[in-house]
Student: 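A single structure is presented below for examination.
Position 1 is the first residue of the sequence, and the numbers go up from there. All ligand and atom numbering here is 1-based and tracks the order in the structure.
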Amino acid sequence: MTDTLSIHVTRLPHGQNLPLPKYETEQSAGMDLMAAIDAPIELKPLARTLVPTGLAMALPKGYEAQVRPRSGLAAKNGVSVLNSPGTIDADYRGEVKVILVNLSDTPFTIEPGMRVAQMVIAPVTQGHWVEVDTLDETARGAGGFGSTGTR
Ligand SMILES: O=c1ccn([C@H]2C[C@H](O)[C@@H](COP(=O)(O)OP(=O)(O)OP(=O)(O)O)O2)c(=O)[nH]1
Ligand SMILES: [Mg+2]
């Protein structure tokens, strides 16, 4: 990784005992977010919970952070991020939280410090509307939702 972005971050009081998230390999796209909780949380089947990370940040203007599931938790435990990808806006200064959902049929225990999701930084382009009477024509037109076939 050559170019990296400086991101201002604060560790909230309940996150002081956790390290800052980091990239686990040289070219990882995401940094794993840890559960800043002092006792395990049991997530029953189909239940969801807002997991605190103990972090607040100031992303540079023009960027967002996406909160995404970890594939290991999804494949092994059926645990995912309910609103995936969660969106952290550049002007958000509150605590980053992860909405975990247990899609399995057995309870799942979130342990303190567990890496529950990953955060990917991405550039954002805001748009502005240009309202017109007709749109330009394309070969696809209004075709979608499987219009090109299923295999
Ligand atoms: O997984 C998430 C998603 C969002 N947020 C925080 C950061 C984000 O900037 C803010 C608002 O998120 P979003 O716009 O997705 O939620 P909303 O329901 O539209 O809330 P709001 O009305 O505050 O925008 O909540 C998180 O901490 N984790
Ligand atoms: Mg919003």
Student: For ligand 1, what are the residues with a heavy-atom contact below 4.0 Å?
Tutor: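 Within 4.0 Å of ligand 1, the protein residues are Asn83, Gly86, Thr87, Ile88, Asp89, Tyr92, Glu95, Val96, Lys97.
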
Student: Report the distance from atom CD of Glu95 to atom CG of Leu50, rounding to the nearest 0.5 Å.
Tutor: 8.5 Å

Student: Taking the side chain as every heavy atom from C-beta outward, state whether Met34 and Thr53 have any pair of such atoms under 4.5 Å apart.
Tutor: no

Student: Check the pair Tyr63, Ile7 against side chain to side chain contact (heavy atoms under 4.5 Å, CB included), reporting the backbone distance first and the verdict last.
Tutor: CA-CA 10 Å; Tyr63 290 88; Ile7 303 168; over 6 Å; no

Student: I'd like to check the salt bridge (charged side-chain N to carboxylate O under 4.0 Å, His left out) partners of Lys22; sequence neighbours left out, ordered by chain and number.
Tutor: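 Glu24.
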
Student: List the atom pairs, donor and acceptor, that lie under 3.5 Å between side-chain atoms in residues 130-151 and the rest of the protein, sequence neighbours left out.
Tutor:
| from | atom 1 | to | atom 2 | distance (Å) |
| --- | --- | --- | --- | --- |
| Thr138 | OG1 | Gly141 | N | 2.9 |
| Arg140 | NH1 | Gly143 | O | 2.9 |
| Ser147 | OG | Gly144 | N | 3.3 |

Student: Please list, chain by chain and in numerical order, all residues satisfying salt bridge (charged side-chain N to carboxylate O under 4.0 Å, His left out) with Arg70, sequence neighbours excluded.
Tutor: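 In terms of salt bridge (charged side-chain N to carboxylate O under 4.0 Å, His left out), with neighbours along the sequence ignored, Arg70 is linked to Asp32.
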
